[in-house]
Amino acid sequence: MAIADKESDFRDAVGKEGCESIPYDDLKGTCKTQQSYVHDFCDGNRGPVTCRSESITRDLKDNVDREQQGVEALKKRKLKLEDEKSRATDDNEKNRLSKEIEQTDNDIYEAGKRVDHSVADLDARKKLVEDAIYTIDKCIDYRQAVMNVFAAATDKVRGETNADIKPLARQLRDKFEEQKRGHEMAITAKKNALETCKKSRP
């Protein structure tokens, strides 16, 4: 490439942001490809990118345990009532206990539905957490790839020796360093989100 053409590319790049600020076609192309995946996986287009608080999972598990304990308590109550009925001699007492047993059966049925509902909520949470772990992992990978492109571009502009290009290269180097810092901060935030998700696994 002629120096004049190269200088023109550098001048154009100085006025641009993101991948468009890279004056080397190969690196710019790689950057744009990886950046499109960053948007997909980091902005939520491909799935959840947060699990919110890990206490959500804990609360859902506690709810399942509570509902299951409720069913067990009702089953014990039913056995106790059946035992009392089998020993009852008075017809009125037997009728009263029969009604209580019937009511307890209804309560067990309703409590069983609540168990099913709470288990479904926990399963949905589990799916969300696993989906989020996958998308956040991918987000980190693609952000890292873009950051690596800017690191490579930084090394390349440092090696520019032409007197007309060097001042432009210095401006671009500062711009690339800023891009790298931005990606580093975003990666740190996503790693924190990933840790929360891993702790949120049921």
Side-chain angles (χ1 to χ4, degrees), residues 32-148 180-202:
K32 284 162 83 170
T33 300
Q34 300 300 320
Q35 187 65 49
S36 70
Y37 290 123
V38 168
H39 289 309
D40 276 353
F41 283 95
C42 298
D43 299 342
N45 299 343
R46 293 289 188 103
V49 289
T50 177
C51 294
R52 305 202 326 272
S53 169
E54 59 192 270
S55 66
I56 295 169
T57 302
R58 201 162 46 244
D59 291 345
L60 289 169
K61 284 173 81 173
D62 288 347
N63 195 43
V64 170
D65 290 342
R66 204 165 33 247
E67 296 295 355
Q68 287 174 336
Q69 284 165 12
V71 170
E72 290 311 308
L74 286 166
K75 285 178 177 176
K76 282 179 186 173
R77 173 175 163 73
K78 183 184 174 185
L79 286 173
K80 183 171 175 286
L81 290 167
E82 285 173 341
D83 182 52
E84 285 178 24
K85 184 184 171 187
S86 71
R87 287 187 282 107
T89 52
D90 180 67
D91 283 346
N92 286 338
E93 181 67 2
K94 283 183 179 178
N95 285 337
R96 182 185 70 77
L97 289 165
S98 290
K99 283 177 184 172
E100 280 199 47
I101 290 166
E102 188 180 338
Q103 181 56 53
T104 305
D105 267 334
N106 289 337
D107 292 344
I108 289 169
Y109 175 72
E110 291 301 325
K113 286 202 293 189
R114 288 196 299 274
V115 168
D116 291 344
H117 186 72
S118 60
V119 167
D121 285 346
L122 186 60
D123 285 344
R125 172 70 176 163
K126 183 178 181 182
K127 183 180 185 314
L128 180 138
V129 167
E130 293 304 325
D131 288 350
I133 286 170
Y134 175 79
T135 52
I136 294 169
D137 254 335
K138 288 287 188 186
C139 165
I140 291 168
D141 287 347
Y142 288 121
R143 268 207 185 278
Q144 188 74 51
V146 173
M147 194 172 80
N148 291 345
K180 276 169 60 189
R181 278 194 299 276
H183 282 291
E184 278 168 359
M185 286 168 65
I187 287 168
T188 299
K190 288 298 179 188
K191 282 181 175 175
N192 291 338
L194 185 61
E195 278 311 301
T196 298
C197 282
K198 285 179 176 176
K199 288 175 186 169
S200 298
R201 278 177 161 147

Distance-only check: which donor-acceptor pairs under 3.5 Å involve side-chain atoms of residues 78-90, not counting sequence neighbours?
from	atom 1	to	atom 2	distance (Å)
Lys78	NZ	Asp105	OD1	2.8
Lys80	NZ	Glu84	OE2	2.9
Asp83	OD2	Arg87	NE	3.4
Asp83	OD2	Arg87	NH2	2.8
Lys85	NZ	Ser98	OG	2.9
Ser86	OG	Asp83	O	2.7
Asp90	OD2	Asn92	N	3.2
Asp90	OD2	Glu93	N	3.0

Atom of [X], atom of [Y] and distance for their closest heavy-atom approach:
X: Cys51; Y: Ile56; result: O-CD1, 4.2 Å
X: Arg46; Y: Thr135; result: O-CG2, 3.4 Å
X: Ser118; Y: Glu67; result: OG-CG, 4.0 Å
X: Thr104; Y: Leu74; result: CG2-O, 3.4 Å
X: Pro48; Y: Leu128; result: CG-O, 3.8 Å
X: Ile136; Y: Cys197; result: CD1-SG, 4.0 Å

Quick one: pull up [atom1] in [X] and [atom2] in [Y] and give me the separation to the nearest 0.5 Å.
X: Ile101; Y: Lys94; atom1: CD1; atom2: NZ; answer: 11.5 Å
X: Gln35; Y: Asp40; atom1: CD; atom2: CG; answer: 10.5 Å
X: Ser200; Y: Lys126; atom1: OG; atom2: NZ; answer: 13.5 Å
X: Asn63; Y: His117; atom1: CG; atom2: NE2; answer: 8.5 Å
X: Thr196; Y: Lys191; atom1: OG1; atom2: NZ; answer: 14.5 Å
X: Ile140; Y: Cys42; atom1: CD1; atom2: SG; answer: 8.0 Å

Any Gln69 side-chain heavy atom under 4.5 Å of Glu72 side chain: no

Lys180 atom NZ, over 12 foreign heavy atoms within 6.0 Å: yes

Between [Y] and [X], does any NZ, NE, NH1 or NH2 come within less than 4.0 Å of an OD or OE carboxylate oxygen?
X: Lys127; Y: Glu130; answer: no
X: Glu184; Y: Arg143; answer: no
X: Glu100; Y: Arg96; answer: yes

Any side-chain donor near an acceptor of the partner, Asp107 and Gln103, under 3.5 Å: yes

Distance-only polar pair, side chains of Thr57 and Arg125, donor-acceptor under 3.5 Å: yes

Asn106 vs Glu110, side-chain contact (heavy atoms from CB on, under 4.5 Å): CA-CA, chis, key distance, verdict: CA-CA 6 Å; Asn106 289 337; Glu110 291 301 325; 5.6 Å; no

Working for side-chain contact (heavy atoms from CB on, under 4.5 Å), residues Val71 and Arg114: CA-CA 9 Å; Val71 170; Arg114 288 196 299 274; over 6 Å; no

Where at least one partner belongs to residues 35-85, residue pairs that pass ring pair (Phe, Tyr, Trp, His ring centres under 6.0 Å), sequence neighbours excluded: Tyr37-Tyr142, Phe41-Tyr142

Evaluation steps, side-chain contact (heavy atoms from CB on, under 4.5 Å), between Asp62 and Arg58: CA-CA 6 Å; Asp62 288 347; Arg58 201 162 46 244; 4.3 Å; yes

side-chain contact (heavy atoms from CB on, under 4.5 Å) between Asp137 and Leu194, intermediate numbers included: CA-CA 7 Å; Asp137 254 335; Leu194 185 61; 3.5 Å; yes

